[in-house]
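Nothing fancy with the numbering, it's 1 onward along the sequence. Computation of the quantities below employed the complete heavy-atom set of this structure, encompassing side-chain atoms and omitting hydrogens, waters and symmetry-equivalent molecules. For clarity, every value in this text was computed on a predicted model and none was experimentally measured.
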Amino acid sequence: MKLKAPSIKKLAARMAIAGLMLFSQFALAAELYVVTIEHDVPVQMRDGTVLRADIYRPTTAGKFPVILKRTPYDKRNVDATDFGLNAASHGYVVINQDVRGRYASEGEWYPFLHESDDGYDTVEWAAALPYSDGRVGMYGGSYVGATQMLTAIAHPPHLSGICPVVTASNYHDGWTYQGGAFEQWFNESWTSGLAQDTLNRVVQKHTNAMNGILTLPLGNYPLFELPQDSSDAGRLRSLAPYFLDWLAHPGYDGYWKRWSIEEQYSKITVPSLTVAAWYDIFLGGSLNNYVGVRQHGADEAARRGQRLLVTIGGHAGSSRKIGEVDFGAPAEFNEDEVTLAWYDYLFKNVNNEFANPKPVKIFVMGTNQWRDEDYWPLARAHNTKYFLHSSGKANSVSGDGGLATDAPRSDNSDQYVYDPTNPAPTVGGPLCCDWGHLAPGPRDQRAVEARPDILVYSTPPLAQDLEVTGPVQLELFAKSSAVDTDFTAKLVDVWPNGFAQNLTEGIIRARYRTSQEKPELMNPGQVYKFMIDLRATANVFLKGHRVRLEISSSNFPRFDRNLNTGQDAGGAAKPVSASNFVYHDAGHPSALILPVVASP
C-alpha cells in the first residue's frame, strides 16, 4: 500500500504554529518521501510465537534507520499511524508492533514478562530488513516506554537509541505500589482497559464464551470485595491473572526483581532521551532512569549519551492547561516532534537542540519557563528543612500549623483519627487512566484541607520568590494506635486568592517504613521516624504565595485504604480506626525537605 506523506498544507500549518512550541527550532528535513505501508508483517520470536507489525517506509531505493514501537494499545491507533506516516516521510523506517498477546499478535498477554526477549528478537529482525541501515531506535510512552527499557537491559546488538516517555524504573514501587501502598486507581483503570482486548480474544477462541463470560462486571467490584464465587474469580484470572498476582506480591520480592530496571542500569549501552513530566504518575521512575543510567550505564558513551526533558502533564495532559492551571503557551508539548528531533540528532547528525552541551531541559512552574541545566538533580539546589510547628491544633486549614526554617523546641504533637470507612478523597494529582471519573493534575485542595483528618502546615505569605526544584522528602516522626497505618504527604502552592495548587505527593505504608522487602508491624504507641518520598517538582512559589504541607493517612482511590490491621491489602479483615500522632519538637524535628534554588 502506498500513501503520500502528510500533506504539505498540514505540515505547513504545523510549522506556522511552531513558534509556540517547545522545539520550534527543530527543522524538518527538506525532502519528503512517498510512504509505503505493509500491514501485519509476521515476526517470529525465539519460542515460535508470531508477533505482527505494521511497517511504514520510504518508497524509494536505499537504506534508512528504523524507529520501532512495541505497544499493547493497538499498533493501528491514530497516534501510531500519524507518527509512522510523518517519520517515514522524513526518511525513517517506522515499525509499530503489537506486543505478545495483544491485538494481531499471538501468545498470552502478561505485563513485562516477555518484553526483554521479544524486544531483543524484534530489534534484531528489524535491523536485518533489506531497507534498514542496521540502526534501530525505539519510541513511545508509558508501557511503551517499559518495552524500551526492558529491551535496553537485554542489549540487542543493533539497538542504537531509545526515547522512553513518562515510564517507570521499577514495576513494583512506582508502578503497581508506591511506598508499600497499592496504586488502586491506576491498577484498576489500566487493567480494565487492557482486559477488553483479552476478552475479545477469549470470545474469538471459544465459541461458547457468550454463555457467561460476558456477565463479568469488569471494574464494578470494589478492589477488595471480589466475589467469593470460584467461577467469577476464575473469569477474572482468565482475563487479568497478573492483577491477582500483583495483590499476592505486595512486597518487593523475586516476582518483581526479575524485571527491575533499577537493578540493571549497568546493562544499558545506548543513548536515551528520557521524557518525564510534572504531575505524571511515573515521574519518579523517569527521573530515576535518567540518573541511574547517567551514573551506572554500561560504559562512558552510554552514560554521556543520556538526555532528560521534563515537561508538564504526561498522563495528566499535554496542553498548556493541565488540570485547573494554565501554564501558558511555552508549556505546549508535541511528543512526535521531539521524538523525531531526537532521532534526527542521533541518526542524521542534525545540529538541533540535542546538540546542546547541557543534557537537561526542565519546565519551571510558577514562572512557566523552560531552562537548560547541567545536572539533575540540580547541583546548586540546597536541601532546606522547613520544620513543622503548631500548638497541637494543625487539623484542617483552619488550624494553627506552620512551616519555618527555625527548628521546633517544645511544640505539642498533632493528632487525628484515620477511619478507613471515611478516607480523605483524591483530588487531582498524578493519575491515570480514567479522566472521565477522576480528573488528574493541579486542582484546588481547599475542600480536602477542610477535613479534620488532614493536618495542614503553611508558611506565612512569602516576601520574595522561592524556587523549589528537585526531589522533595518529608522526615516525619509519628505514632499510631494501630499496628499498621499509612502516612500521606502533599506539597501545595497556595495563591494569594486562596487557590491551593497541589504540586507533588507521596505515601508510606508503616509496615514498609524500613524495607519494601521485609514488612515490620509497629508497636502501637511507639514513635517512629518515617521518610516519605514526594517525588520531585520544579516550582517557583511567587511572592505573596505560601508553601503548604498536608499530612494525612489516606488518598483514596489513588491508593488503596489501609485497614490498619496489618494484613495484606487483599485480605477481608474488618477495618479499624487509628489515632495517629505527628510529633514536631526538639527530640522529633519533623521537617519538609525542599531543594531550594537561589536566585541567579
### Task
Give me the ring orientation class for Tyr92 and Phe347: parallel if the planes are under 30° apart, tilted from 30 to 60°, perpendicular past 60°.
tilted
#### Entry: Side-chain heavy-atom pair Tyr386, Val547 within 4.5 angstrom cut-off
no
### Task
Working to the nearest 0.5 Å, report the span between CZ of Arg451 and CG of Asn422.
4.5 Å
### Task
Answer yes or no: is there a donor N or O on one side and an acceptor on the other, between the side chain of Thr504 and the main chain of Asn502, under 3.5 Å?
no
### Task
To the nearest 0.5 angstrom, please state how far the SG atom of Cys433 sits from the CD atom of Glu188.
12.0 Å
### Task
Tell me, yes or no, whether the heavy-atom count around Arg304 atom CZ, taken from other residues, nucleotides or ligands under 6.0 Å, exceeds 12.
no
### Task
Report the C-alpha distance between Phe499 and Val494 in whole Å, list the side-chain angles of each, state the deciding distance to 0.1 Å, and finish with yes or no for side-chain contact (heavy atoms from CB on, under 4.5 Å).
CA-CA 6 Å; Phe499 180 80; Val494 184; over 6 Å; no
### Message
Please report the interatomic distance CG(Leu462) to CZ(Arg546), rounded to the nearest 0.5 Å.
### Response
9.0 Å
### Message
Which label fits Phe243 and Phe182: parallel for a plane angle under 30°, tilted from 30 to 60°, or perpendicular past 60°?
### Response
perpendicular
#### Entry: Over all atoms of both residues, closest heavy-atom pair of Phe559 and Ala181
CD2-CB, 4.1 Å
### Query
Angle class for the Phe354/Tyr345 ring planes (parallel below 30°, perpendicular above 60°, tilted otherwise)?
tilted
### Query
Going through the distances and angles, do Arg509 and Asp560 end up as a salt bridge (Lys or Arg N to Asp or Glu O under 4.0 Å)?
CA-CA 11 Å; Arg509 183 143 292 175; Asp560 70 305; 3.2 Å; yes
### Task
Could you tell me whether the side chains of Asp336 and Tyr139 share a donor-acceptor contact shorter than 3.5 Å?
no
### Message
Strictly distance-based, threshold 3.5 Å: is any side-chain N or O of Arg561 a donor or acceptor partner for the main-chain N or O of Pro423?
### Response
no
### Task
For ring pair (Phe, Tyr, Trp, His ring centres under 6.0 Å), just list the numbers for Tyr290 and Tyr375, CA-CA rounded to whole Å, side-chain angles, deciding distance to a tenth of an Å, and then say yes or no.
CA-CA 10 Å; Tyr290 171 75; Tyr375 304 99; over 10 Å; no
### Task
Ignoring hydrogens and angles, state whether a donor on the side chain of Arg558 or Gln178 is under 3.5 Å from an acceptor on the partner side chain.
yes
## Note on the structure
Separation between NE2 (His296) and CZ (Arg303), nearest 0.5 Å, reads 9.5 Å
### Message
Using salt bridge (Lys or Arg N to Asp or Glu O under 4.0 Å), reason through Glu115 and Arg70 one step at a time and then give a plain yes or no.
### Response
CA-CA 9 Å; Glu115 304 305 358; Arg70 305 192 61 254; 2.8 Å; yes
### Message
Can you confirm whether the side chains of Ser260 and Glu262 place a donor and an acceptor under 3.5 Å from each other?
### Response
no
### Query
For residues Asn555 and Thr426, is any side-chain donor paired with an opposing acceptor at under 3.5 Å?
yes
### Query
Would a distance-only check, ignoring hydrogens and angles, find a side-chain to backbone donor-acceptor pair under 3.5 Å from Tyr177 to Trp246?
yes
### Task
Determine whether the side chains of Arg548 and Ser458 contain a donor N or O and an acceptor N or O closer than 3.5 Å.
yes
### Message
Between Asn562 and Tyr418, is there a side-chain donor-acceptor contact under 3.5 Å, judged purely by atom types and distance?
### Response
no
### Task
Can you see which heavy atom on Asn96 is nearest to which on Thr81, and at what distance?
ND2-N, 4.5 Å
### Minimum heavy-atom distance between Thr469 and Val597, given as atom pair plus value
CB-CG2, 3.9 Å
### Task
Of all the heavy-atom pairs spanning Trp342 and Gly305, show the shortest one and how long it is.
CH2-O, 3.9 Å
### Task
Using only heavy-atom distances, determine whether the side chains of Gln445 and Lys490 contain a donor-acceptor pair under 3.5 Å.
yes
### Task
Verify, without hydrogens or angle tests, whether Gln516 (side chain) and Tyr512 (backbone) share a donor-acceptor contact under 3.5 angstrom.
no
#### Entry: Ile95 side chain near Ile67 side chain, heavy-atom distance below 4.5 Å
no
### Message
Please confirm whether the ring centroid of Trp278 lies under 6.0 Å from the ring centroid of Phe327.
### Response
no
### Task
Under the salt bridge (Lys or Arg N to Asp or Glu O under 4.0 Å) rule, what do Arg102 and Asp197 come out as? Steps first, then yes or no, please.
CA-CA 7 Å; Arg102 302 294 293 170; Asp197 179 59; 3.7 Å; yes
### Query
How about Leu455 and Val582: do any of their side-chain heavy atoms sit closer than 4.5 Å?
yes
### Message
Tell me if a side-chain donor or acceptor on Ser319 pairs with a main-chain N or O of Lys321 at a distance below 3.5 Å.
### Response
yes
### Electrostatic pair Glu353:Arg307 at N-O distance under 4.0 angstrom
no
### Task
Look only at the side chain of Asp98 and the backbone of Lys75, and say whether a donor-acceptor pair between them is shorter than 3.5 Å.
yes
### Task
State, with a plain yes or no, whether a side-chain heavy atom of Val144 is found less than 4.5 Å away from one of Lys69.
yes
#### Entry: Non-hydrogen atoms of Leu159 and Val270 that approach each other most closely
O-CG1, 3.1 Å
### Message
Quick check: do Lys361 and Val310 have side-chain heavy atoms less than 4.5 Å from each other?
### Response
no
### Message
Strictly distance-based, threshold 3.5 Å: is any side-chain N or O of Ser553 a donor or acceptor partner for the main-chain N or O of Asp486?
### Response
yes
### Task
Mark yes or no for whether Asn539, through its side chain, and Thr537, through its backbone, hold a donor-acceptor pair below 3.5 Å.
no
### Query
Could you go step by step and tell me if Asp74 and Arg76 meet the salt bridge (Lys or Arg N to Asp or Glu O under 4.0 Å) rule?
CA-CA 5 Å; Asp74 189 356; Arg76 293 187 190 173; 5.8 Å; no
### Query
Would you call the rings of Tyr73 and Tyr143 parallel, tilted or perpendicular, where under 30° means parallel and over 60° means perpendicular?
perpendicular
### Check against side-chain contact (heavy atoms from CB on, under 4.5 Å), Ile593 and Thr384
CA-CA 6 Å; Ile593 304 172; Thr384 304; over 6 Å; no
### Closest approach of Pro164 to Gln148 (non-hydrogen atoms, all atoms of both residues)
N-OE1, 3.3 Å
### Query
Within a strict 4.5 Å, meaning less than it, do heavy atoms of the Met149 and Ile162 side chains meet?
yes
### Query
Do you know which of Asn288, Thr167, Asn289, Asn170 makes side chain to side chain contact (heavy atoms under 4.5 Å, CB included) with Ile261?
Asn289
#### Entry: Nearest-0.5 Å distance, CG of residue Asp82 to OH of residue Tyr56
8.5 Å
### Query
Okay, side chain of Thr176, backbone of Tyr171: is any donor-acceptor separation there less than 3.5 Å?
yes
### Query
Taking Thr274 for the side chain and Leu308 for the main chain, is one N or O donor matched with an acceptor at less than 3.5 Å?
no
### Query
Which value, rounded to the nearest 0.5 Å, describes the distance between Thr339 atom OG1 and Leu273 atom CG?
7.0 Å
### Message
Taking the ring of Phe282 and the ring of His315, is the distance between their centroids below 6.0 Å?
### Response
yes
### Task
Look at Asp465 together with Lys543 and state whether they make a salt bridge at an N to O cut-off of under 4.0 Å.
no
### Message
Quick one about Trp175 and Glu183 (side-chain donor to acceptor, distance below 3.5 Å, no hydrogens or angles considered), yes or no?
### Response
no
### Stepwise side-chain contact (heavy atoms from CB on, under 4.5 Å) test for Phe333 and Val338
CA-CA 8 Å; Phe333 176 73; Val338 171; 3.6 Å; yes
### Query
Does the side chain of Asp414 come under 3.5 Å of the side chain of Asn395 through a donor N or O and an acceptor N or O?
no
